[in-house]
Amino acid sequence: MKRFILPLLLSAILVIPAMGSDKGTVPSDRASVSAAVADHGKYKALADRFAAGHSLDPSEIAYIYYGTALQPGFSAATQYPDIAKTYAAGDYSTALSLIWKALAKDPANLYLLFTGYGCARSLENKEAADLLQGRLMQVCDMIFKSGTGVTQESPYIILRPSDIDEFVVKYIQPTAILGRAKIGDLDAVRVSIEGVPNDAILYFKQF
């Protein structure tokens, strides 16, 4: 989705070492997020605007995305086997119905947003596809701003381990994933990106 923009940004980050130490421009620390959405009503109000298709600023998206971790019942390991099963079977209508229900409680889940977008496109439901694309792009754009992603000092901050694959494969869109490793509390993904002369290592830290 962003292949025409990301190589330019990543090239700049990789070529100019000083940029590697800059932090992102969105609130991704637990204290800031907790202060913003400690009141569940504030979180829900933001999530409702997001669900309705409003364009929010990166800080508001951060409060929705990271704030999910502070809501009752959250688990970073939560999966949606019924959605995966119906989607794999090509039952896109049922899958999309299940996705809308799941998004009501998990509004910025990248797996749900990307899979829902795929369902809507397959069903030729332009309204739903546009809405879901707008939502997933806002979340991915925010994650992209959460750190430079190319140094251990400034990793991308993600909510779930599964968000790494969703973000890398479907947003960064590398030509190849060359390897993965765990470095302390960071995940490192080595990729080849079209338009970037050398392989890049992208670093991720869980919120």
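On a predicted model such as this, the values are computed, not experimentally measured, just so you know.
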TODO: Determine the minimum heavy-atom distance between Y156 and G147, stating which atoms define it.
DONE: CE2-O, 3.3 Å
Open item on the list: Under 3.5 Å, is there a donor on one side chain and an acceptor on the other for Y111 and D163?
Closed with: no
Open item on the list: Taking ring pair (Phe, Tyr, Trp, His ring centres under 6.0 Å) as the definition, give me every residue that meets it alongside Y66, ordered by chain and number, with sequence neighbours left out.
Closed with: F207
Open item on the list: Using a 3.5 Å distance criterion without hydrogens, assess whether the side chain of Q71 forms a donor-acceptor pair with backbone atoms of G67.
Closed with: yes
TODO: List the steps and the verdict of side-chain contact (heavy atoms from CB on, under 4.5 Å) for L186 and F204.
DONE: CA-CA 6 Å; L186 302 179; F204 296 86; over 6 Å; no
Open item on the list: Looking at R180 and D165, is there a salt bridge between them, counting it only when a charged N and a carboxylate O are closer than 4.0 Å?
Closed with: yes
Open item on the list: With a 4.5 Å cut-off on side-chain heavy atoms, are I157 and I143 touching?
Closed with: no
TODO: Kindly write out the residues that satisfy ring pair (Phe, Tyr, Trp, His ring centres under 6.0 Å) with Y203, not counting sequence neighbours, or none if the list is empty.
DONE: none
Output a table of donor-acceptor pairs, distance under 3.5 Å, between side-chain atoms of residues 52-59 and any protein atom two or more places apart or on a different chain; print 'none' if there are none.
| residue | atom | partner | partner atom | Å |
| --- | --- | --- | --- | --- |
| D57 | OD1 | S59 | N | 3.0 |
| D57 | OD1 | E60 | N | 2.8 |

TODO: State, to 0.1 Å, how close P107 and R135 come at their nearest heavy-atom pair, and which atoms those are.
DONE: O-NH2, 3.0 Å
Open item on the list: For Y63 together with Y43, are the ring centres under 6.0 Å from each other?
Closed with: no
TODO: Of all the heavy-atom pairs spanning V191 and P174, show the shortest one and how long it is.
DONE: CB-CB, 3.8 Å
Open item on the list: Quick check: closest heavy atoms across A76 and P161, and the distance to 0.1 Å?
Closed with: O-CD, 4.2 Å
Open item on the list: Using the salt bridge (Lys or Arg N to Asp or Glu O under 4.0 Å) criterion, which residues pair with R121? Sequence neighbours excluded.
Closed with: none
Task: Salt-bridge present (D141, K145; N to O < 4.0 Å) - done: no
Task: Verdict with supporting geometry, D106 and R160, salt bridge (Lys or Arg N to Asp or Glu O under 4.0 Å) - done: CA-CA 12 Å; D106 201 355; R160 309 167 177 81; 2.5 Å; yes
- [ ] Using only heavy-atom distances, determine whether the side chains of S146 and S28 contain a donor-acceptor pair under 3.5 Å.
- [x] no
Open item on the list: In the structure I gave you, are the side-chain heavy atoms of V150 and I201 within less than 4.5 Å of one another anywhere?
Closed with: no
Open item on the list: Using every non-hydrogen atom in the two residues, find where F167 and C140 come nearest and quote the distance to one decimal.
Closed with: CE1-O, 3.4 Å
Open item on the list: According to salt bridge (Lys or Arg N to Asp or Glu O under 4.0 Å), who are the partners of D39, at least two apart in sequence or on a separate chain?
Closed with: none
Task: Where D199 and S192 come nearest, the two heavy atoms and their spacing - done: OD1-CB, 4.0 Å
- [ ] Please step through side-chain contact (heavy atoms from CB on, under 4.5 Å) for the pair L132 and E127, ending with a clear verdict.
- [x] CA-CA 9 Å; L132 289 163; E127 182 179 1; over 6 Å; no
- [ ] Would you check, one step at a time, whether the test side-chain contact (heavy atoms from CB on, under 4.5 Å) holds for L70 with R30?
- [x] CA-CA 9 Å; L70 307 178; R30 190 167 290 268; 3.3 Å; yes
Task: Test salt bridge (Lys or Arg N to Asp or Glu O under 4.0 Å) applied to D91 - qualifying residues, sequence neighbours left out - done: none
Open item on the list: Could you tell me if the side chain of D187 sits less than 4.5 Å from the side chain of K182, heavy atoms only?
Closed with: yes
Open item on the list: I177 vs R190, test: side-chain contact (heavy atoms from CB on, under 4.5 Å). Steps then yes/no.
Closed with: CA-CA 6 Å; I177 295 178; R190 186 170 171 234; over 6 Å; no
Open item on the list: Donor-acceptor check, side chain of T86 to backbone of I83, threshold 3.5 angstrom: yes or no?
Closed with: yes
Task: Side chain to side chain, V189 and L178, heavy atoms closer than 4.5 Å - done: no
